Amino acid sequence: MKTQVAIIGAGPSGLLLGQLLANAGIDNVILERRSADYVLGRIRAGVLEQGTVDLLREAGVSDNLDARGLIHTGFDIAFAGERVRIDLPELADGKHVTVYGQTEVTRDLMNAREGIGATTWYEADNVQPHAIDTDAPYVTFEHAGHEYRLDCAYIAGCDGSHGVSRGCIPADRLKIFERKYPLGWLGVMADTPPVADELIYATHERGFALCSMRSPTRSRYYIQVADTESPDNWSDDEFWAELKRRLPQNVADTLVTGDSIDKSVAPLSSSVTEPMQHGRLILLGDAAHIVPPTGAKGLNLAIADVNTAYRLFRRIYDDSRADLIARYSATCLSRIWKTERFSWWMTTNLHKFSATEDFDTRIQQAELGYYLNSKAGRTTIAENYVGLPFAKLEP
Ligand code: FAS
Ligand code: PHB
């Protein structure tokens, strides 16, 4: 078998890159370890930056998003008994975000790929890139007990934080920068009306809480827990009671509770892999970086890599500029580190880290007090939340 770009992973990174390339006449094959149902069963992100929406539109997969996505022009941060609204259009040049679940994005992309008849191997085992530092790389894999070889010109590692691609970069070139937080988010999805029209990020002495949503009838809530916590330790009633304790009283009083349709714990961590390219292999999305969900950046950062990778492959195939692959990593990393910073800042300042009121607690209170009570501070939060401009391969 032969293709131009072999894509490892059918998450949002792999599927969106595949759709954009196929639309541009660049042949690609996706190799996914899991089944399509398994990929769709993962409940993750909920907030899309404008750049993400624009790229999905460019890929021609935004009909459902345009019909059902919820435009949000702000969100609240509850701090020290106050609710401060971050007015996105006012503070960030008229921009907003769109609430639309990653599950729906993935489903739209899967349907679009099926619609154009592009090749995706689901349940592909032992996927392994080879000869990435030659001009004839290839990928081997197994499927239904048979072994296969896919010859290609480039390999896009879109295989997430536990994938195979990152490890193909030589150890003497690879550097991974990591920060682990002693925190997790216990998340609950429920078919109940959201408690507010916009998201509420709530700080509290008992710990952080977030009120989000997927639609006018489906809510998504999170509470900070230890990174070792298990969702099995929490009944629905216990979750709702703790969430209410952490919300402003007038919000807690109007919270509609119900049976959870999903309950899970996501540990919080930050990581960045450098470089994101070696030879004919490039890394995208969670294969290269992880952010804590506090800034709503994980999915959006992955899509920003897809934008850079797509523009790169267009220049390679349209303009014979194969040399530009050497710019890929630095182009992505410049924006990744700024987004890592924002996600780290939101995590560090909105969560409870100490059982006692110590120096760091006071600094946290001063930091939030300054940022939320100054237009400069709220502007900084807003322009990062709507998403920084996509980086350009060439100046
Ligand atoms: P993905 O991990 O989505 O996809 C990688 C794909 O590669 C998977 O389908 C996997 O099965 C496949 N794969 C892995 N190894 C393979 C191999 N060897 N061979 C073939 N295929 C292989 N982001 C937010 O913005 N907000 C959130 O609230 C949020 N919550 C999250 C909660 C959890 C529990 C997790 C894990 C992440 C969360 N994220 C959130 C981040 C998340 O949305 C990611 O940023 C996003 O899925 C990244 O997309 P991909 O890069 O495509 O990686
Ligand atoms: C979500 O709705 O899942 C969500 C929203 C905002 C975040 C994180 C998660 O910062």
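In this chain, numbering begins with 1 at the start of the sequence shown. Computed from a predicted model, the values in this text were never measured in an experiment.
- Asp159 has no carboxylate O lying under 4.0 Å from a charged side-chain N of Arg33, or vice versa, which leaves the two without a salt bridge.
- When the shell of 6.0 Å around CD of Glu114 is examined, it contains 12 or fewer heavy atoms from other residues, nucleotides or ligands.
- In this view, Tyr138 and His130 satisfy the ring pair (Phe, Tyr, Trp, His ring centres under 6.0 Å) rule, not counting sequence neighbours.
- Between the side chain of Thr3 and the main chain of Asn28, a donor-acceptor pair closer than 3.5 Å is present.
- The number of heavy atoms from other shown groups lying within 6.0 Å of CG (Asp253) is above 12.
- Atom CZ of residue Phe208 and atom CG of residue Asn349 lie 12.0 Å apart, to the nearest 0.5 angstrom.
- Annotation: side chain to side chain contact (heavy atoms under 4.5 Å, CB included) contacts of Leu174 (sequence neighbours excluded): Arg166, Ile169, Ile176, Thr273.
- Note that the CG atom of Leu15 and the CZ atom of Arg113 stand 7.0 Å from one another [nearest 0.5 Å].
- From Met346, atom CE reaches atom CD1 of Ile77 across 5.0 Å, with rounding to the nearest 0.5 Å.
- Remark: side-chain polar atoms of Arg246 are paired, donor with acceptor, to backbone N or O of Arg206 under 3.5 angstrom.
- Note that Lys244 lies outside the cation-pi zone of Phe239, set by a 6.0 Å cut-off to the ring centre and a 45° limit from the axis.
- Residues satisfying the ring pair (Phe, Tyr, Trp, His ring centres under 6.0 Å) test with Tyr100, not counting sequence neighbours, are none.
- Two different hydrophobic clusters hold Tyr201 and Tyr221 under the rule that ILVMFWY side chains link at heavy-atom gaps under 4.5 Å.
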Report, one line per pair, each donor and acceptor closer than 3.5 Å where one atom sits in a side chain of residues 350-359; sequence neighbours left out.
unit_1, atom_1, unit_2, atom_2, d
His351, ND1, Thr347, O, 2.9
His351, NE2, Trp185, NE1, 2.9
Lys352, NZ, Glu205, O, 3.2
Lys352, NZ, Ser354, O, 3.0
Ser354, OG, Thr356, N, 3.0
Ser354, OG, Thr356, O, 2.6
Ser354, OG, Thr356, OG1, 3.3
Ser354, OG, Asp358, OD2, 3.0
Glu357, OE1, Arg362, NH1, 2.5
Glu357, OE1, Arg362, NH2, 3.2
Asp358, OD1, Asp360, N, 3.2
Asp358, OD1, Thr361, N, 2.9
Asp358, OD1, Thr361, OG1, 2.7

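- Of the charged side-chain nitrogens involved, none lies within less than 4.0 Å of a carboxylate oxygen, so that Lys95 and Asp93 do not count as a salt-bridged pair.
- One hydrophobic cluster, built from ILVMFWY side chains closer than 4.5 Å, holds both Leu210 and Phe79.
- More than 12 heavy atoms of other shown residues, nucleotides or ligands fall within 6.0 angstrom of atom CD in Gln128.
- In summary, the side chains of Arg44 and Ser264 do not present any donor paired with an acceptor at a separation below 3.5 Å, with no hydrogens or angles considered.
- Sorted by first then second residue, the ring pair (Phe, Tyr, Trp, His ring centres under 6.0 Å) pairs that include residues 102-123, not counting sequence neighbours, are Trp121-Phe141, Trp121-His143, Trp121-Tyr148.
- No hydrogens or angles considered: nothing links the side chains of Arg107 and Asn111 as a donor-acceptor pair under 3.5 Å.
- Once rounded to the nearest 0.5 Å, the distance linking CG of Leu88 with CD of Glu198 reads 8.0 Å.
- Side chain of Gln4 to backbone of Asp27: a donor-acceptor contact under 3.5 angstrom is found.
- Applying the ring pair (Phe, Tyr, Trp, His ring centres under 6.0 Å) test to pairs two or more places apart or on separate chains, those with a residue in residues 311-337 are Tyr154-Phe313, Phe177-Trp337.
- Salt bridge present: Lys297 and Glu49 bring a charged side-chain N and a carboxylate O closer than 4.0 Å.
- What you find for Ile7 and Gly14 is that their closest heavy atoms are CG2-CA, 3.6 Å.
- At most 12 heavy atoms of other shown residues, nucleotides or ligands fall within 6.0 angstrom of atom CZ in Arg179.
- Of all non-hydrogen atoms in Ile316 and Ala322, the two that sit nearest each other are CG1-CA, 3.8 Å.
- A continuous path of ILVMFWY side-chain contacts below 4.5 Å connects Leu368 to Leu183, so both sit in one hydrophobic cluster.
- Put simply, the side chain of Arg34 never gets that close to the backbone of Val39: no donor and acceptor are under 3.5 Å apart.
- A salt bridge is defined here as a Lys NZ or Arg NE, NH1 or NH2 lying under 4.0 Å from an Asp or Glu carboxylate O, and Asp236 with Lys263 meets this definition.
- Between the Ser219 side chain and the Thr192 main chain, a donor and an acceptor come within less than 3.5 Å of each other.
- Rounding to the nearest 0.5 angstrom, the gap separating the CG atom in Leu16 from the CG atom in Leu55 is 5.0 Å.
- In this structure, the side chain of Thr103 does not engage the main chain of Gly41 through any donor-acceptor pair within 3.5 Å.
- By the neighbour-count criterion of 12 heavy atoms within 6.0 Å, atom CD of Glu147 is sparsely surrounded, having that number or fewer from other residues, nucleotides or ligands.
- Using modelled atom types, one finds a donor on one side chain and an acceptor on the other under 3.5 Å when comparing Tyr181 with Ser270.
- With hydrogens and angles disregarded, no donor-acceptor distance shorter than 3.5 Å links the side chain of Ser269 to the backbone of Lys180.
- The main-chain N or O of Tyr38 is found under 3.5 Å from a side-chain atom of Ser35 such that the two form a donor-acceptor pair.
- The distance from the CG atom of Leu48 to the OG1 atom of Thr98 is 6.0 Å, given to the nearest 0.5 Å.
- Looking only at distances, no side-chain donor or acceptor of His72 sits under 3.5 Å from a matching main-chain atom of Val99.
- Arg83 places no side-chain N or O within donor-acceptor distance of the main-chain N or O of Ala78, the cut-off being under 3.5 Å.
- Looking only at atom types and distance, the side chain of Tyr222 has a donor-acceptor partner in the side chain of Arg220 under 3.5 Å away.
- Around the CG atom of Asp197, the shell of radius 6.0 Å holds no more than 12 heavy atoms that belong to other residues, nucleotides or ligands.
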